[in-house]
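The chains referred to below are lettered A, B, ... by the order of the sequence lines, with proteins before strands, and numbering in each begins at 1.
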Amino acid sequence: MAYLSTSESSCIIYYNCLALLSRHPGPDVRSQLTLIWWEEERYPEGIKWKFLEHKGPVFAPPYEPLPENVKFYYDGKVMKLSTKAEEVATFFAKMLDHEYTTKEIFRKNFFKDWRKEMTSEEKSTITNLSKCDFTHMSQYFKAQTEARKQMSKEEKQKIKEENERLLKEYGYCVMDNHKERIANFKIEPPGLFRGRGNHPKMGMLKRRIMPEDIIINCSKDSKIPPPPPGHKWKEVRHDNKVTWLVSWTENIQGSIKYIMLNPSSRIKGEKDWQKYETARRLKKCVDKIRNQYREDWKSKEMKVRQRAVALYFIDKLALRAGNEKEEGETADTVGCCSLRVEHIKLHPELDGQEYVVEFDFLGKDSIRYYNKVPVEKRVFKNLQLFMENKQPEDDLFDRLNTSILNKHLQDLMEGLTAKVFRTYNASITLQQQLKELTNPDDNIPAKILSYNRANRAVAILCNHQRAPPKTFEKSMMNLQSKIDAKKEQLADARRELKSAKADAKVRRDEKSKKIEEQLMKLEVQATDREENKQIALGTSKLNYLDPRISVAWCKKWGIPIEKIYNKTQREKFAWAIDMAEEDYEF
DNA sequence: CTCTGGACTTAGAATTTAATAT
DNA sequence: ATATTAAATTCTAAGTCCAGAG
């Protein structure tokens with residue numbers, strides 16, 4: 001096992017204390033600590049747990065056929081569908097309002113898979129999707145949704161209690177000495193596959209998962225979850241080199257899906273903390289690595305030059321590694337190593353800047369990356385070289401892939417991979433921005449605005465975008481009218497203050513101060529919201545920013561941690577909230 | 001070296017719940 | 001009390017990275 005730094009050790013102590021306290025809530029903590037330390041320390045490489053017990057997954061509720069009065073029409077005539085065909089039809093009917101159902105690929109894939117579920121009579125009748133009328137079914141589901149909203153308090157309460165019962169029974173497991181929350185204990189229900197972007201498989205039928213598809217993973221000496229009556233598990237295994245509890249193979253891509261633990265769990269928390277420790281190790285050697293790749297821009301070897309330019313992009317622009325993808329299986333998206341010639345434009349001069357590279361490509365989730373970046377002359381010249389005699393659809397880095405790149409990175413630092421640069425650059429940016437933007441004299445709302453701006457700088461770096469909320473314009477207008485009303489109120493209060501008698505002045509003054517503060521708060525809120533229109537802060541907050549930076553910042557400026565992290569986030573980052581002091585440096 | 005399967009993290013949209021306005 | 005809006009939570013797709021076989 002690798003040498004542990006002080007902070008690494010304290011993290012382990014932290015988790016052991018948790019285990020200890022949950023087992024023996026008593027005063028004799030110290031004497032047992034050593035014991036547990038040893039118990040957990042001696043896990044050999046790759047062993048994730050010694051004991052794992054859970055109740056298995058919760059399956060999707062069975063299909064409930066439509067009431068008789070809900071009709072499906074084919075070519076203008078009522079048609080009663082078989083249960084299987086009807087179920088698949090309802091999937092389409094439920095999506096009728098969505099743009100998806102107008103897309104040619106979606107319709108083609110859906111129709112092909114739907115026909116597989118039909119009886120031979122249905123198959124011979126239903127030959128054209130355009131002649132299918134799902135509107136009545138769609139209306140029925142809308143009415144159902146509406147009815148659900150209108151349910152009485154008691155009915156809603158009943159549903160809530162049922163969900164709580166399910167969570168209590170299936171939502172937790174025991175891993176070693178901890179009772180842990182499971183992340184996704186419910187099996188994904190059947191439905192129509194919706195890929196992101198221009199996905200060739202959109203509309204395909206995602207089949208219902210049965211117990212016979214399920215692999216259970218738990219320890220031998222645990223109570224093995226029984227399959228539902230009349231069913232069998234595909235397999236029960238006892239593999240303590242993995243962290244998952246349940247797995248099955250999904251039918252769209254043929255990939256494996258898992259049930260794993262919640263981010264609040266020890267096993268996820270430790271991994272998360274390790275990730276940030278790796279990024280901090282990069283901090284110590286990043287200068288050396290940067291000098292190295294700059295040298296490599298001059299290399300005689302094409303492969304080395306490409307590697308060095310790609311690494312420069314990954315470092316400077318926080319691009320993803322960019323694995324190769326199987327053509328036709330997924331949407332056409334790229335990362336750094338898979339960039340094609342058509343994704344960049346070279347401008348020797350643009351808007352008064354020299355050597356500008358214009359990036360335009362679809363990245364993960366088909367989110368567009370568009371950026372005009374001035375680069376160093378050597379990089380520019382190299383790119384020209386890489387593009388020589390190539391077609392637009394050719395790979396920019398034809399001598400490079402993620403495996404070559406990561407192998408190189410591994411040589412530069414143990415545990416270094418392309419994604420570590422994203423984590424490192426995100427976290428260091430937050431830390432720098434917080435230092436730069438926090439004004440000690442600001443009140444709490446203004447300081448939080450600064451925090452959000454620092455967070456936003458990271459989200460922009462990582463290209464975390466969102467579709468502007470549908471009601472964005474309206475909500476901005478509402479906020480503006482609130483501000484106007486508050487301004488009026490303030491003007492009134494000030495007038496009253498002026499005309500007030502001496503004995504009432506103090507009270508009036510306090511009143512206008514209070515209104516002033518409320519106004520300021522609203523204005524800050526408006527600024528924050530406007531700046532956040534197309535930016536998604538959540539992803540960086542949850543996955544890229546070392547939470548200890550935020551915890552330290554809160555401690556330093558007396559900001560309650562609840563203002564930065566909600567309940568779920570506080571659970572996920574419990575380790576950091578307990579560990580980090582105000583002087584923590586990433 | 002390439003190819004594939006497997007395990008895990010990261011991602012934005014959709015849905016649900018809570019807070020606030022009416 | 002009800003309707004509207006915002007925040008929190010859920011959902012599951014889409015990446016990264018690694019190991020092992022050939």
Please confirm whether the shortest side-chain N or O distance from [X] to OP1 or OP2 of [N] is below 4.0 Å.
X       : N       : result
K257(A) : dT12(C) : no
H199(A) : dA13(C) : no
R194(A) : dC11(C) : no
N406(A) : dC17(C) : yes
S366(A) : dA14(C) : no
Y544(A) : dA11(B) : yes
R422(A) : dT16(C) : no
T539(A) : dT10(B) : no
K419(A) : dT10(B) : yes
T402(A) : dT16(C) : no
T417(A) : dC17(C) : yes
H98(A)  : dA13(B) : no
K275(A) : dT10(B) : yes

Just checking [X]: base, sugar-phosphate only, or nothing, at a heavy-atom cut-off of under 4.0 Å?
X       : result
G538(A) : nothing
T330(A) : nothing
D365(A) : sugar-phosphate
R529(A) : sugar-phosphate
K206(A) : sugar-phosphate
K149(A) : nothing
A331(A) : nothing
R466(A) : sugar-phosphate
I367(A) : sugar-phosphate
G335(A) : nothing
P189(A) : sugar-phosphate
T333(A) : sugar-phosphate

Provide, to the nearest angstrom, the distance between the [atom1] atom belonging to [X] and the [atom2] atom belonging to [N].
X       : N       : atom1 : atom2 : result
E250(A) : dC8(B)  : CD    : P     : 18 Å
K156(A) : dT17(B) : NZ    : C1'   : 10 Å
M204(A) : dT12(C) : CE    : P     : 17 Å
K268(A) : dC8(B)  : NZ    : C1'   : 6 Å
K572(A) : dA11(B) : NZ    : C1'   : 12 Å
M95(A)  : dC11(C) : CE    : C1'   : 14 Å
N401(A) : dC1(B)  : CG    : P     : 8 Å
E329(A) : dC3(B)  : CD    : P     : 15 Å

K364(A) (side chain) and dT10(B) (base): donor-acceptor pair under 3.5 Å: yes
message: Using 30° and 60° as the class boundaries, would you call the ring planes of F359(A) and Y369(A) parallel, tilted or perpendicular?
response: perpendicular
Indicate the ring-plane relationship of F106(A) and F92(A), choosing parallel, tilted or perpendicular according to the 30° and 60° boundaries. tilted
Check every atom of [options] against the side chain of [X] and return the nucleotide holding the closest atom.
X       : options                  : result
A536(A) : dG6(B), dG12(B), dC18(C) : dG12(B)
Q410(A) : dA13(B), dA7(B), dC18(C) : dC18(C)
N323(A) : dT16(C), dA7(B), dG12(B) : dT16(C)

Per nearest nucleotide of DNA chain B, the residue lying toward the 5' end, N543(A) or E326(A), is E326(A)
Ranking K160(A) and E324(A) by the position along DNA chain B of their nearest nucleotide, the one closer to 5' is E324(A)
Whichever of N184(A) and N566(A) has the more 5' nearest nucleotide on DNA chain C, that residue is N566(A)
DNA chain C nearest-nucleotide lookup for Q253(A) and R181(A): closer to the 5′ end is R181(A)
Notebook entry, point to check: Do N251(A) side-chain atoms and L205(A) backbone N/O form a donor-acceptor pair below 3.5 Å?
Noted result: yes
Given K283(A) and D546(A), is the salt bridge (Lys or Arg N to Asp or Glu O under 4.0 Å) satisfied, shown in steps? CA-CA 13 Å; K283(A) 185 190 177 190; D546(A) 182 343; over 6 Å; no
Exercise for the section: Show the numbers, then the answer: is there a salt bridge (Lys or Arg N to Asp or Glu O under 4.0 Å) between K55(A) and E169(A)? Expected result: CA-CA 7 Å; K55(A) 294 286 182 69; E169(A) 166 134 35; 3.7 Å; yes
I would like to know whether N455(A) and S540(A) meet side chain to side chain donor-acceptor pair (under 3.5 Å); could you show each step before the answer? CA-CA 8 Å; N455(A) 192 165; S540(A) 49; 3.2 Å; yes
- Task: Taking atom types as modelled, find out whether Y451(A) and S550(A) have a side-chain donor-acceptor pair closer than 3.5 angstrom.
- Result: yes
Of K325(A), H199(A), R196(A), K364(A), the one forming a side-chain hydrogen bond (donor to acceptor under 3.5 Å, both in side chains) with T333(A) is K325(A)
I'd like to know whether Q157(A) forms a side chain to side chain donor-acceptor pair (under 3.5 Å) with E161(A), so could you lay out the CA-CA distance, the side-chain angles of the two residues, the decisive distance to 0.1 Å, and finally the verdict.
CA-CA 6 Å; Q157(A) 186 58 29; E161(A) 275 164 19; 3.1 Å; yes
